[in-house]
Amino acid sequence: MNYDFNAIEARWQQYWADNEIFIAQNNSDKPKYYVLDMFPYPSGAGLHVGHPLGYIASDIYARYKRHQGYNVLHPQGYDSFGLPAEQYAIQTGQHPAVTTQENIARYRQQLDTIGFSFDWSREVRTSNAAYYKWTQWIFIQLFESWYDIAADKAKSIAALETIFAADGNASVRAVCDEDCISFTASEWASFSATRKQQVLLHYRLTYLAETEVNWCPELGTVLANDEIVNGVSERGGYAVVRKKMTQWSMRISAYAERLLQGLDGIDWTDSLKDSQRNWIGKSVGATVTFKVSSTIFGDPKPETQNLKPNIGVFTTRPDTIFGVTFMTLAPEHELVSKITTPAQKEAVQAYIDATAKRSERERMADVKTISGVFTGGYAEHPFTKEPVPIWIGDYVLASYGTGAVMAVPCGDQRDYDFATYFRGKEGMPAIKNIFKDVDISEGAYADKGKAVITNSDFLNDLPYKKATKTAIYELEKLGQGEGKTNYRLRDAVFSRQRYWGEPFPVYYVDGMPQMIAAEHLPIALPEVEKYLPTETGEPPLGRADAWAWDTAEHKVVANTLIDDATVFPLELNTMPGWAGSSWYLFRYMDAQNTDAFASKEALEYWQNVDLYIGGNEHATGHLLYSRFWTKFLYDMECIPVDEPFKKLINQGMILGTSAIIYRISGTNTYVSKGLKSAHDIEELRVDVNLITASDELDVAGLKAWQPQFATAEFILEDGKYVVGRAVEKMSKRWYNVVNPDTICENYGADTLRLYEMFLGPLEQAKPWNTAGITGVHNFLKKLWKLYHSGDQGAFYVSDVGLSEVPEGAKTLHKTIKKVQEDIENFSFNTSVSVFMIAVNELTAQKCYAKDVLEPLLVLLSPYAPHIAEELWSKLGHTTSISTVAFPTFDASYLVESTKEYPISFNGKRRFTMELSLDLSKEEIEAAVMAHEKTQEQLAGRTPKKVIIVPGKIVNLVG
RNA sequence: GCUGAAGUGGUGGAAUUGGUAGACACGUUGGACUUAAAAUCCAAUGAGCUGUAAGGCUCGUACGGGUUCAAGUCCCGUCUUCAGUACCA
């Protein structure tokens with residue numbers, strides 16, 4: 001009987017679905033285990049073989065945990081809002097919901113073919129109103145919250161208003177906007193309602209503010225920092241410019257420290273934690289306030305004289321305060337115009353204009369060129385009271401710290417380079433050196449551990465740490481600085497000028513945002529006739545005819561009814577892609593709930609994700625935002641955990657192996673790879689499906705593939721056309737995409753699953769090469785044969801116990817041990833080898849014992865579930881193999897009485913010797929010395945030393 | 001520049017606390033079966049030298065050193081590749 005994988009796989013997939021085998025229960029006596037994949041964006045191209053890699057790994061783990069007796073939650077869904085469907089809608093007019101629905105259907109069909117053990121009853125789609133109702137609900141909770149630094153958690157805005165009414169804001173320590181004003185209780189009481197709303201916006205965890213954003217004109221929307229790669233948009237690679245816009249922002253900066261600390265308690269790779277630490281970018285130091293000299297010469301305007309503006313800087317090295325030689329402001333800094341002297345005005349303005357013209361990208365690409373201009377203004381050193389010249393330069397970024405630095409050339413290379421470049425020019429004094437016995441003629445001295453400070457008044461001879469503390473203490477005494485921790489992490493812009501995203505549950509009264517009460521959610525996405533921005537530049541929702549909120553009827557009504565009394569305009573922006581994906585893990589716990597995003601009981605039972613598998617590209621986006629929202633929901637006491645993902649594994653990318661043919665330039669003639677050096681050639685990539693395992697091109701197939709090849713000539717070598725190969729990202733444009741459906745059709749899902757695992761370590765990037773697939777497919781065929789050793793290939797197992805087949809028992813238990821270790825170490829590639837070895841050995845042994853072959857199927861079933869179910873049922877079982885207990889390893893079957901010892905002389909192995917493991921070291925030595933080959937090797941010499949590691953090795957030295 | 005990961009046969013990759021490098025596959029070569037092909041099975045396969053043969057010897061885990069009876073594995077230095085990040089004060 002042949003291994004008819006297509007029929008077998010279809011049958012068991014049907015069986016699993018019909019019998020709801022993988023439905024997880026929300027209450028169980030079993031311990032829980034939650035295995036989650038990063039849910040896919042359902043793109044139009046469908047799945048290629050790279051996508052399922054992580055799903056296969058998590059599926060193996062989920063199935064293994066079921067065998068181990070866990071109640072396993074292993075759900076799947078779709079991150080179904082997003083740009084591609086909308087871009088497609090703009091081009092074709094097709095509603096994104098329709099495109100998305102079609103794509104999801106295709107994905108589902110592909111996923112089902114591979115035999116995953118997903119609990120589809122819990123499927124989520126971020127674009128479903130029943131789902132985004134709760135995304136909107138969480139947004140409202142964020143709006144109604146502020147961050148209390150004293151309690152180190154988020155609290156309700158209502159509580160903050162109570163404090164304001166009683167005490168004003170003097171006692172409040174909150175994470176809020178920089179430009180927050182101070183007010184007393186009576187001042188608060190006197191504020192108008194609108195004014196109060198404005199003030200509260202400075203505190204809310206999601207807030208509306210005019211901020212400098214990354215505007216992408218081609219996409220017609222703003223982008224978050226993590227959506228920009230190398231200065232261009234992640235999607236499409238379009239240019240991005242800075243622009244001031246009023247936008248919703250998320251106050252993620254409030255959670256910077258907790259996001260950093262939380263990393264210590266979770267099991268993620270170091271490289272991933274590192275990425276997050278880097279992104280958060282904590283630096284500890286101090287702020288220093290420099291007074292601008294009131295003796296600004298030449299400025300005739302008395303009002304400027306009286307303003308005496310201060311310049312605040314942030315530094316990580318307050319200990320070097322006496323090394324300040326000059327100051328540098330970012331060209332965009334707001335004080336630049338106030339401190340520039342008339343004499344320098346022209347030069348400064350020219351510099352500002354030149355900088356503004358350069359895009360962010362140009363500025364990044366060109367970091368070596370030093371540029372800057374002296375403003376003519378001077379600040380006053382806080383301790384020495386000496387004048388410090390103020391410069392502007394584009395090496396100082398407006399977006400980091402205060403946009404101004406105190407320049408200490410002796411301790412910072414950039415300051416050093418700047419000072420050296422402008423040495424001798426007006427406003428650039430000689431570099432002050434404050435390090436004892438350090439020569440700075442070659443560059444700055446940044447080794448803070450070893451530095452001894454001198455020429456620094458009260459800081460002289462203090463070590464770095466002490467000097468830092470003392471400097472901060474003295475600055476605080478003067479009221480000109482304080483210790484401060486700065487984070488690179490910026491608040492995240494949360495508005496997108498797009499159609500296909502979650503609408504905000506927000507309407508506007510007198511320009512102030514108002515939340516729609518939770519009971520009226522969801523606010524469904526309105527219909528529009530076109531998906532482009534409006535002619536006046538408003539987002540696509542500006543095209544909707546019915547996009548106004550009736551506060552009396554509590555429903556969305558026609559825009560014509562807007563009267564700004566009971567009917568108000570709704571927010572036109574939508575939420576970004578990461579909104580829905582920031583909390584989806586909790587929805588799976590209770591996906592059908594209509595009263596809450598999940599019930600308390602479900603959240604309490606499932607807690608958080610035990611194992612999360614997905615790609616590396618989400619290191620600083622999704623994985624940071626979902627940690628942020630989780631911590632917020634924890635503060636709100638909505639969930640019992642403050643980290644979403646306990647353990648995380650990044651699967652490596654599967655690369656495509658492109659096929660290259662060589663055209664002789666200017667002709668339609670192609671030469672085989674080995675002959676190309678004789679010609680002037682052009683490389684063309686062709687469909688990898690036209691290539692055999694030995695890199696031979698199917699010439700007839702190529703001629704049929706594209707008309708340009710129909711009349712082409714091919715120069716063969718040894719009767720074949722051999723193509724070149726290149727390993728690169730799997731992509732339609734390189735024609736190197738391999739589709740899992742074809743593999744399943746030709747070899748079966750079990751083969752695909754095993755082969756993807758067999759390719760190499762899960763976390764490593766690796767090329768896909770279909771050639772090797774016959775290896776694992778042959779293995780499954782051998783396995784099938786092992787169970788069909790009867791007449792005419794009939795199914796056969798013998799009913800004998802383990803004691804009668806000691807070799808088979810040994811093979812089995814060796815396999816149990818290794819497979820279990822491998823799964824727990826996520827080393828799936830090596831367990832596939834172990835299965836191959838087991839089947840090869842059992843076949844050689846002609847071992848058909850049921851007590852060996854039955855447990856072997858359980859070991860295999862996480863990897864190749866279909867064939868395991870099929871053979872399991874042939875063994876007479878009437879229920880699924882999926883929850884059968886995992887075999888227990890028994891070391892007694894592996895006990896050996898002898899060992900084939902390698903015998904080495906001076907570390908080089910010369911021969912092996914079989915010796916009993918019971919022997920003592922002395923007995924081993926005696927046996928080895930008695931061996932004739934030992935005498936041959938020694939040639940009469942006496943070994944100086946004999947190393948014997950029982951059970952391992954013997955080494956004779958001398 | 002900084003941070004992280006990694007360099008092993010023709011290819012993908014194995015190798016526990018340092019203890020027989022190259023498991024398991026692919027590919028290649030030879031053979032069996034077949035009218036033939038496919039499929040299947042068997043054998044060989046790191047490089048080189050040597051022997052009629054059984055066998056023996058040398059080199060070999062990016063490169064150069066070191067520690068050790070013993071190093072792919074540990075230490076120091078160098079190079080290369082990949083990923084992330086970047087005037088972060």
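So you know, we letter chains A, B, ... as the sequences are listed, proteins then strands, and number each from 1.
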> When all nucleic acid strands are considered with a 4.0 Å heavy-atom cut-off, which category describes A:F758: base, sugar-phosphate, or nothing?
Replying inline: base

> Which residue, A:D270 or A:A404, contacts RNA chain B at a nucleotide closer to its 5' end, judged by nearest heavy atom?
Replying inline: A:D270

> Do you know the tightest heavy-atom contact between A:Y395 and A:A407?
Replying inline: OH-CB, 4.3 Å

> Do we see a donor-acceptor contact under 3.5 Å between the side chains of A:D491 and A:S253?
Replying inline: yes

> Reckon A:N278 has a side-chain N or O less than 4.0 Å from the OP1 or OP2 of B:A86?
Replying inline: no

> What interatomic distance, in whole Å, is found between P of B:U58 and the corresponding atom of B:A62?
Replying inline: 22 Å

>> Work out how far the P atom of B:C76 is from that of B:U28, and round it to whole angstrom.
In response: 45 Å

> Does the base of B:U17 carry an N or O that pairs as donor and acceptor with the side chain of A:K952 under 3.5 Å?
Replying inline: yes

>> Categorize A:V405 for me: base, sugar-phosphate, or nothing, with a 4.0 angstrom heavy-atom threshold over every strand shown.
In response: base

> Under a 3.5 Å cut-off on both pairing distances, which runs of 3 or more consecutive Watson-Crick or G-U pairs involve RNA chain B?
Replying inline: B:1-7 with B:79-85, B:10-12 with B:24-26, B:27-32 with B:40-45, B:46-50 with B:55-59, B:62-66 with B:74-78

> Side-chain N or O of A:R488 less than 4.0 angstrom from OP1 or OP2 on B:A86?
Replying inline: yes

> So, are A:R277 and A:D264 salt-bridged, with charged N and O less than 4.0 Å apart?
Replying inline: yes

>> With hydrogens left out and only the distance checked, is there a donor-acceptor pair under 3.5 Å joining A:N486's side chain and the base of B:C88?
In response: no

>> Any base atoms under 4.0 Å from A:N955, or only sugar-phosphate, or nothing? Heavy atoms, all strands.
In response: base

> Are the aromatic rings of A:F422 and A:F326 close, with centres under 6.0 Å apart?
Replying inline: no

>> Using a heavy-atom cut-off of 4.0 Å across all strands, would you classify A:T774 as base, sugar-phosphate, or nothing?
In response: sugar-phosphate

>> I need the CD1-P distance between A:I947 and B:U20, as an integer number of Å.
In response: 15 Å

> Which of the following nucleotides, B:C57, B:A15, B:C26, is nearest to the side chain of A:N778?
Replying inline: B:C26

>> Taking only the P atom of each, what is the distance from B:G51 to B:U78 in whole angstrom?
In response: 46 Å

> So what does A:N906 hit on the nucleic acid, given a heavy-atom distance under 4.0 Å: a base, only sugar-phosphate, or nothing?
Replying inline: nothing

>> Quick check: on RNA chain B, is the nucleotide nearest A:V949 upstream (toward 5') of the one nearest A:S271, or the reverse? Name the residue that is more 5'.
In response: A:S271

> Does A:K766 put a side-chain nitrogen or oxygen below 4.0 Å from OP1 or OP2 of B:G12?
Replying inline: no

> Taking the six-membered ring where the residue is Trp, are the ring centres of A:H777 and A:Y755 under 6.0 Å apart?
Replying inline: no

>> Using whole Å, what does the distance between atom P of nucleotide B:U16 and atom CD of A:E824 come to?
In response: 18 Å

> Taking only residues two or more places apart in sequence or in another chain, which ones pass side-chain contact (heavy atoms from CB on, under 4.5 Å) with A:F779?
Replying inline: A:L754, A:F835, A:M836, A:V839, A:L860

> Given atom CZ of A:F911 and atom C1' of B:A54, what is their separation to the nearest angstrom?
Replying inline: 17 Å

> Rounding to the closest angstrom, what is the interatomic distance between B:G64 and B:G30 at atom P?
Replying inline: 37 Å

>> In terms of relative ring orientation, are A:H381 and A:F290 parallel, tilted or perpendicular, with 30° and 60° separating the classes?
In response: perpendicular

>> Measuring only the C1' atom in each nucleotide, how far is B:G10 from B:C63? A whole number of Å is fine.
In response: 23 Å

> Taking OP1 and OP2 of B:A5, is either one under 4.0 Å from a side-chain nitrogen or oxygen of A:Q764?
Replying inline: no

> Quick one: is B:C88 close enough that its OP1 or OP2 comes under 4.0 Å of any side-chain N or O from A:R414?
Replying inline: yes

> Heavy atoms under 4.0 Å, any strand shown: does A:K944 hit a base, just sugar-phosphate, or nothing?
Replying inline: nothing

> Just how far, in rounded Å, is C1' of B:U16 from CZ of A:F889?
Replying inline: 13 Å

>> Mind checking if A:K785 touches a base, just sugar-phosphate, or nothing, with heavy atoms under 4.0 Å?
In response: sugar-phosphate

>> Within the 4.0 Å heavy-atom criterion, would you say A:N616 contacts the bases, only the backbone, or no part of the nucleic acid?
In response: nothing

> Can you find a side chain N or O atom of A:N840 that sits less than 4.0 Å from OP1 or OP2 on B:A25?
Replying inline: yes

> Is the glycosidic angle of B:G65 within 90° of 0, making it syn, or outside that range, making it anti?
Replying inline: anti

> Rounding to the closest angstrom, what is the interatomic distance between B:C75 and B:G22 at atom P?
Replying inline: 25 Å

>> One thing to verify: whether A:K921 and A:E925 come together as a salt bridge, which I'm taking to mean a side-chain N less than 4.0 angstrom from a carboxylate O.
In response: no

> Which atom names give the shortest non-hydrogen contact between A:V396 and A:A330, and what distance separates them?
Replying inline: O-CB, 3.4 Å

> Under 4.0 Å between a side-chain N/O of A:S275 and OP1 or OP2 of B:G4, yes or no?
Replying inline: no

> Checking all strands, does A:I837 fall into the base, sugar-phosphate, or nothing category for heavy-atom contacts under 4.0 angstrom?
Replying inline: sugar-phosphate

>> Using atom C1' in both nucleotides, what's the gap between B:C74 and B:G19 to the nearest angstrom?
In response: 14 Å

> Would A:Y351 and A:S371 count as having a side-chain donor-acceptor pair, cut-off 3.5 Å?
Replying inline: yes

> Can you tell me how far P in B:A25 sits from the matching atom in B:C41, rounded to whole Å?
Replying inline: 11 Å

